[in-house]
Amino acid sequence: MSLTVSLPKLAPHTKPTANAIKLSITAHISQKKLTIESADRVALILSPDTVLDTNAAVKYLLNDTQFSLIPSYLIEKEEVALSLLLAKKRNEEAFKEADQIIQQHNKYFTQDGNKLSALDIIYYGSFIEAFSSAKEPSKYPSLSKWIDIVSKNKQVSLGVQFIKELNSSGTKVKKQGGHHQKVSKPIPAPVFTASKQKVNSSVLVPAVDKSKKILPKDNERNILITSALPYVNNVPHLGNIVGSTLSADVYARYCRARGYNTVFFCGTDEYGTATETKALEDGISCQALCDKYNAIHTSVYEWFDLSFDLFGRTTTEWQTKITQDMFKKNLDNGYITKEAMTQLYCEQCSRFLADRYVEGICPHCKYDDARGDQCDACGKLLNAIELIKPRCKMDGNTPITRESNHLFLDLSKLQPEIEKAFKASSVNGKWSLNGIHITESWLKEGLRPRCITRDLKWGTPVPLKGYEDKVFYVWFDAPVGYPSITANYTDQWEKWWKNPSQVKLYQFMGKDNVPFHSVIFPGSEIGTGEQWTLVHHISTCEYLNYEGGKFSKSRNVGVFGNNAEATGIPPSVWRYYLMSVRPETSDSMFTWNEFITKNNSELLNNLGNFVNRGIRFIFSKYDGVIPKTSGCRPLEKTLIKDVNDLLKQYNESMESVKIRSGLSIAMTISARGNQYLQEANLSNALFEETRADCDAVVATAANLVYLLSAVISPFMPATADSINRQLNAPARLIPDEFKMDILPGHVLGGAEYLFTHIDEKMEEVWKAKYGTGSN
């Protein structure tokens, strides 16, 4: 059997010659005689059809048409990037990139040269001429080794030699009438042009009037979201961010994209011992310290693209007013008791030592560096007096014991109502399992009166005679920050916080904060006798560790909020990675290797490839205009069914606040899009030979890209914005079903790459800069 290939006049080191080499090698490997006809371009003649896409022809001849994500992406990379670099004589850039590709995706390239895939032949055909003339091939060890392996295949050598002989003989092939090749216009940078938009208006995200405060609405889903208030005395690290603020932001963005009436609040927790301690260390006032770190936190969260309706703070008049009011009502209702406490007193400092001023041995697990309020090793809450061999944190001296009068919230009296609220909300709100287990443990042990005052200056004053020299303990006071920050957003804050029939409260935190949100704060609310909006859903995270160890500012180990920006990697990539390793059910580990791999293999190869391939093809062949289609073919019907199944799973995961699962499903939708383009054979040949089919593919692909812009928007808002600009389509709601909402005649906005490749060598650079867990 013979193969007929049309060729123009060939010249060395040109793209037509590279394509001719690919087809010649394929013919020799397939043991087929090669017949040459004249034309103005390289093509495979399959009478009566002509395959103009050389890479598609190679895959067809090798029967290598089954979709595989990574090889498909790499072939696309050769076509849209590497071959262009070679054509422009930018060989060193092409060699470097190919070397990185082969190093990273080594398993997809031949290891012995005996069995060659379409990927091998396509890359070899592109590079063999240029690399044979490379000045320093040793600079590209992976590429050099692979080319040597492929070159030893006898049929490869014969295929290359056949084309070399055509070149050297100066064979001139006569044109057979040929094909007219359209000259592509440059693809513009993406912009929104409303006059060129043809989009189903019912799917668009409603415009928000920033001048009006968001309040609960009748007959709508009203969602109130909080993330644990970060303590003000340090810079948040990635573990802090993933556990509360970022997770809450993803869910808030999802709710808004579903059309729910949503508000999202957070702020710095500024009162308490830790602030006093840090201010003493830094030699500044507590207020100056809070101002400094509130600004740092605000800057970090703005860079991470967090969408708070207000990021506030607890050192406000509203905080004092609401905290004191809750206390007075608990006092009036008989839930506050008075008791003398034996406390630790440092004679050297001449002061009672608040919990965080004391360190010692944990009485439960014998950890030798437990704090006076909690042991970081076993997680048990402590009273400082319980520590074995206590020591003053400020001077290291052993404190003595003295009595001091304090106030207690009698949680034992409140337990029946706390337990009733917990049982209802943990089931109806589908709490995280670790949140349920931690709360059940507290309730099973039996609640006891808990001290809510401290001998400090920096805090909310206690409004009771005889206690003027005390302030409220931070964990009675701090959760009040949620309603007080809301009150600083709107003076109608009670419509959110005292409206349980209309509002659902979702709270995000690390596991060590669970009891304060599931037991103590609900107890404080119930004790007022008012109808507070109690927590509906608690979403907790385990710990995110760093490179085999823990984050440590003192040891300069780990990535902190301000470090992420310094890497030059965009916020969307950080958000994607952190949510993909979100420690929902067990601790997870940040590693630079995985961070780089997920960017290159998942974002670039999957999502980036699908969006880029579809949009650039529409500009190349349709001048950016969405064509009219003649109906839904079986291929599209199968795609729509698959996407709808995935979309249902996505929405179910996100409604249940299974954020990591939701992200995984979103990326599966993108992979299904890549599979569809492969099955449909989106190519020059499809456009020129079966135009109606090509019209259906590009219209469907554009609409799937539009759907993806919505489902990824909670995770990567800037990426979603870029996709919308490229589509020239306003942000859309997340639907229940995949439909064609970009209509025929709609004009796209332009094209830009969503992601860029991260050099694997950066792993060692960043490890050296930010340390490893073994440091």
Side-chain angles (χ1 to χ4, degrees), residues 213-214 223-237 240-253 262-276 278-279 286-326 458-460 471-494 496-497 505-510 512-513 516-517 520-521 524-525 532-533 535 538-539 560-562:
K213 302 300 181 184
I214 301 170
I223 307 295
L224 171 59
I225 299 171
T226 70
S227 58
L229 307 182
Y231 212 83
V232 78
N233 68 335
N234 56 28
V235 179
H237 60 64
N240 305 137
I241 292 167
V242 72
S244 56
T245 49
L246 180 54
S247 294
D249 181 71
V250 169
Y251 188 68
R253 287 180 179 276
T262 304
V263 288
F264 173 29
F265 298 113
C266 187
T268 41
D269 175 9
E270 302 189 353
Y271 283 136
T273 314
T275 302
E276 281 196 354
K278 180 67 173 174
C286 289
Q287 188 62 60
L289 182 92
C290 292
D291 291 345
K292 171 186 174 181
Y293 280 99
N294 176 269
I296 291 171
H297 278 262
T298 299
S299 175
V300 167
Y301 301 137
E302 284 177 352
W303 186 84
F304 271 96
D305 218 351
L306 303 188
S307 59
F308 305 113
D309 289 283
L310 178 64
F311 183 78
R313 55 200 306 185
T314 57
T315 51
T316 67
E317 290 182 12
W318 272 113
Q319 178 76 10
T320 301
K321 182 178 178 180
I322 297 173
T323 304
Q324 291 182 345
D325 181 67
M326 290 185 76
W458 186 247
T460 301
V471 298
F472 285 112
Y473 174 44
V474 69
W475 272 113
F476 178 81
D477 167 88
V480 182
Y482 301 128
S484 79
I485 289 167
T486 310
N488 280 290
Y489 169 77
T490 171
D491 56 10
Q492 299 181 70
W493 63 275
E494 290 179 324
W496 283 108
W497 284 97
L505 170 60
Y506 289 73
Q507 298 196 285
F508 291 77
M509 69 209 68
D512 52 344
N513 287 338
F516 308 108
H517 293 80
I520 296 176
F521 187 48
S524 303
E525 293 172 308
W532 280 81
T533 303
V535 63
I538 280 182
S539 179
F560 288 73
N562 48 349

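Nothing here was measured: the structure is a model prediction, and the numbers come from that model. Values below: all heavy atoms of this structure, side chains included; hydrogens, waters and symmetry mates excluded.
Residues satisfying the salt bridge (charged side-chain N to carboxylate O under 4.0 Å, His left out) test with D269, not counting sequence neighbours, are none. Every residue two or more places apart in sequence or in another chain that forms a ring-ring contact (aromatic ring centres under 6.0 Å, His included) with F476 is listed here: F472. Every residue meeting the side-chain contact (heavy atoms from CB on, under 4.5 Å) condition with D305, not counting sequence neighbours, appears here in chain and number order: R253, R575, P717, A718. The salt bridge (charged side-chain N to carboxylate O under 4.0 Å, His left out) test applied to D291 returns R313, not counting sequence neighbours. Remark: W497 pairs with no residue by the ring-ring contact (aromatic ring centres under 6.0 Å, His included) rule, at least two apart or across chains. Among residues two or more places apart in sequence or in another chain, the ring-ring contact (aromatic ring centres under 6.0 Å, His included) test is passed with Y506 by Y251, H536, H537.
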Exercise for the section: Any chance you could lay out the side chain to side chain contact (heavy atoms under 4.5 Å, CB included) test for T273 and V474, step after step, and finish with the verdict? Expected result: CA-CA 8 Å; T273 314; V474 69; over 6 Å; no
Handout entry: Full working for side chain to side chain contact (heavy atoms under 4.5 Å, CB included) between Y482 and L229
Key = CA-CA 8 Å; Y482 301 128; L229 307 182; 3.6 Å; yes
Practice task
Start with the C-alpha distance between C290 and T275, add both sets of side-chain angles, then the distance that settles side chain to side chain contact (heavy atoms under 4.5 Å, CB included), and finish with yes or no.
Solution key: CA-CA 8 Å; C290 292; T275 302; 3.8 Å; yes
Practice task
Apply the test side chain to side chain contact (heavy atoms under 4.5 Å, CB included) to residues Y231 and K278: give CA-CA distance (whole Å), side-chain angles for both, the deciding distance (0.1 Å), then the verdict.
Solution key: CA-CA 11 Å; Y231 212 83; K278 180 67 173 174; over 6 Å; no
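Remark: the backbone N or O of T486 is not paired with any side-chain donor or acceptor of T490 at under 3.5 angstrom. Judged by distance alone, with hydrogens and angles left aside, the side-chain atoms of W458 form a donor-acceptor pair with the main-chain N or O of E270 at under 3.5 Å. Remark: side-chain polar atoms of Q319 are paired, donor with acceptor, to backbone N or O of D477 under 3.5 angstrom. Judged by distance alone, with hydrogens and angles left aside, the side-chain atoms of T320 form no donor-acceptor pair with the main-chain N or O of T460 at under 3.5 Å.
Rounding to the nearest 0.5 angstrom, the gap separating the SG atom in C286 from the CG atom in N233 is 10.5 Å. For the atom pair CG (L224) and CG (L505), the distance works out to 5.0 Å, reported to the nearest 0.5 Å. For the atom pair OG (S227) and CG (N513), the distance works out to 11.0 Å, reported to the nearest 0.5 Å. Interatomic distance, CD1 of I485 versus CG of L310, reported as 6.5 Å (0.5 Å rounding). The line from CE of M509 to NE2 of H517 is 4.0 Å long, rounded to the nearest 0.5 Å. The structure places OH of Y271 at 8.5 Å from OG1 of T323, a figure rounded to the nearest 0.5 Å.
Between W493 and W318, the ring planes lie perpendicular to each other; the angle is over 60°, past the 30° to 60° tilted range.
No side-chain heavy atom of Y301 sits less than 4.5 Å from a side-chain heavy atom of C266. Put simply, the side chain of F311 reaches to within 4.5 Å of the side chain of N294, judged on heavy atoms. Between V300 and P236 there is a side-chain heavy-atom pair separated by less than 4.5 Å.
Taking all atoms of both residues into account, the shortest heavy-atom contact from A228 to S244 is N-CB, 3.8 Å. Closest approach of T316 to S484, counting heavy atoms only: OG1-OG, 4.4 Å. Counting all heavy atoms, side chain and backbone alike, L289 lies closest to A279 at CD2-N, 4.1 Å. Listed here is the closest heavy atom pair of T533 and E525: O-OE2, 4.0 Å. Counting all heavy atoms, side chain and backbone alike, T245 lies closest to F308 at CG2-CZ, 4.2 Å. The minimum heavy-atom distance linking G561 with V235 is given by the pair N-CG1, 4.1 Å.
Checking D309, T226, I223, I214 one by one against F264, the side-chain contact (heavy atoms from CB on, under 4.5 Å) holds for a single residue, D309.
Outside the 6.0 Å centre-distance limit, the rings of F516 and F521 are not counted as a close aromatic pair.
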